[in-house]
Amino acid sequence: MSSKPAAGRSVPRMLVAAAVSAAALFAVVKGVEQAAYALGTAGLDGVVALPYAPNLDRAPLVAAQDAAAAWRDVPGLRDRARLAYRVGERALALPDAATSIAESAAVVEVDPANGWAWLDIARSARPMADRTALADAAFTLSVLTAPWEETTMRQRISFVLDTWASATDEEKRRGAQDIANLRRDSPVRFAAELPNLLAVLAPPIRGQVVAAIRQHDPSFAP
């Protein structure tokens, strides 16, 4: 008779053990899924930072987008996967660099004071080894034609931060000056945007950017 209660007590223990094992297995599976997803979509990491830049090498982006597509209906991952997929879709819809330069050149031919179009030329030309001089000249013309236009200033800042490693000293100086000017003239709107721009930079570059900003705004503290 005493064996029945012992057997009865063993059932809940077995259920608990089974539940723990199932939870552990679920955690392992989810961990593997998330790791696979992270690896599969690694190619999308820099796309958001360059929403207006033509993608010169599309094969890795297509592969990353395909990887994101596989997770669009997986609970816990679907929101991130769907966002990554949309970002990739947007980037793939952009024209190639040569087409983008030609389109922007057509704009400045009839509107030479269009600072945004000059900046588009600079952004499209920057990754091309044989268009470095064009990128530098177009950036200078963007500054000359739209030195204080806020939307162009914001895009100019984004361009300089995205290309900091290859930017000229003058481009870095102007980007830092634009940041200081927007902090002064548009503090409410720009205050929330600047930390996000700096957060995605590698620490060494972030340090250089902060130092450059302080040349124009000694009180700046990120």
Side-chain angles (χ1 to χ4, degrees), residues 43-56 83-84 86-87 90-91 94 97 100-101 103-105 107-108 111-129 131-222:
L44 292 170
D45 290 345
V47 176
V48 177
L50 290 167
Y52 302 105
N55 180 54
L56 301 182
L83 175 61
R86 288 196 300 270
V87 168
R90 181 182 63 188
L94 293 169
S100 180
I101 290 172
E103 290 175 349
S104 297
V107 172
V108 297
D111 183 12
N114 190 317
W116 184 290
W118 284 117
L119 187 61
D120 275 348
I121 292 175
R123 185 182 284 280
S124 299
R126 173 62 73 204
M128 305 172 72
R131 300 294 180 92
T132 300
L134 174 62
D136 295 345
F139 181 89
T140 299
L141 286 166
S142 168
V143 174
L144 291 174
T145 55
W148 300 106
E149 201 282 313
E150 182 173 342
T151 301
T152 304
M153 289 172 70
R154 288 171 179 270
Q155 290 306 314
R156 197 155 53 229
I157 290 168
S158 176
F159 168 74
V160 170
L161 296 183
D162 292 341
T163 62
W164 188 267
S166 60
T168 65
D169 290 342
E170 175 57 23
E171 288 168 352
K172 293 176 181 178
R173 186 199 66 77
R174 184 65 204 201
Q177 184 178 347
D178 281 345
I179 290 174
N181 289 338
L182 283 183
R183 273 174 43 83
R184 181 194 64 213
D185 299 334
S186 185
V188 176
R189 293 179 58 185
F190 197 57
E193 183 177 348
L194 183 55
N196 295 330
L197 293 174
L198 296 177
V200 300
L201 301 176
I205 290 180
R206 189 184 310 125
Q208 295 173 21
V209 171
V210 170
I213 296 171
R214 285 177 176 159
Q215 292 294 315
H216 305 276
D217 182 0
S219 66
F220 175 66

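When reading the values below, keep in mind they use all heavy atoms of this one structure, side chains included, and skip hydrogens, waters and symmetry mates. For this chain, numbers begin at 1 and follow the sequence in order.
Checked against side-chain contact (heavy atoms from CB on, under 4.5 Å), A135 has the following partners two or more places apart in sequence or in another chain: A125, R126. Considering only residues two or more places apart in sequence or on other chains, T140 meets the side-chain contact (heavy atoms from CB on, under 4.5 Å) condition with L144. Checked against side-chain contact (heavy atoms from CB on, under 4.5 Å), Q215 has no partners two or more places apart in sequence or in another chain. Taking E170 as the reference, R173 meet the side-chain hydrogen bond (donor to acceptor under 3.5 Å, both in side chains) condition, with sequence neighbours excluded.
Between atom CZ of residue F190 and atom CG of residue D185 there is a gap of 11.0 Å, rounded to the nearest 0.5 Å. Note that NE2 of H216 and CG of D178 are 9.0 Å apart. Values are rounded to the nearest 0.5 Å. Here T168 contributes atom OG1 and D136 contributes atom CG; the two are 5.5 Å apart, rounded to the nearest 0.5 Å. Interatomic distance, CG of D111 versus CH2 of W116, reported as 14.0 Å (0.5 Å rounding). Atom OG of S166 is separated from atom CD of E171 by 8.0 Å, given to the nearest 0.5 angstrom. The distance from atom CZ of R156 to atom CG of L161, rounded to the nearest 0.5 Å, is 12.5 Å.
Of all the heavy atoms in S100 and S124, the pair that sits closest is OG-OG, 2.8 Å. The two atoms that bring P112 and T145 nearest to each other are O-CG2, 3.5 Å, heavy atoms only. Summarising the geometry of I121 relative to A105, their closest heavy-atom pair is CD1-N, 3.9 Å, with the distance given to 0.1 Å. Here the closest heavy-atom approach between residue V108 and residue N114 is recorded as CG1-O, 4.2 Å. The minimum heavy-atom distance between S142 and G115, with the atom names listed, is OG-O, 3.3 Å. For the residue pair P222 and V210, the shortest heavy atom distance occurs at CG-CG2, 3.9 Å.
The salt bridge (charged side-chain N to carboxylate O under 4.0 Å, His left out) contacts involving residues 207-220 comprise R183-D217, where partners must be two or more places apart or lie in separate chains.
Residues I101 and M128 meet the side-chain proximity criterion, which asks for heavy atoms closer than 4.5 Å. In this structure, the side chains of W148 and N181 come closer than 4.5 Å at one or more pairs of heavy atoms.
With W118 contributing its side chain and S104 its backbone, the two residues share no donor-acceptor pair below 3.5 Å. Not a single donor-acceptor pair under 3.5 Å links the side chain of R174 to the backbone N or O of V143.
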Under the side chain to side chain contact (heavy atoms under 4.5 Å, CB included) criterion, do D120 and Q155 qualify, and how do the steps go?
CA-CA 9 Å; D120 275 348; Q155 290 306 314; over 6 Å; no
Residues F139, T163; criterion side chain to side chain contact (heavy atoms under 4.5 Å, CB included); working and verdict:
CA-CA 12 Å; F139 181 89; T163 62; over 6 Å; no
Under 3.5 Å, side-chain donor or acceptor atoms of residues 195-206 against the rest of the protein: list the pairs with distances, not counting sequence neighbours.
unit_1	atom_1	unit_2	atom_2	d
N196	ND2	A192	O	3.4
R206	NE	L198	O	3.0
R206	NH2	A199	O	3.4
R206	NH2	L201	O	2.6

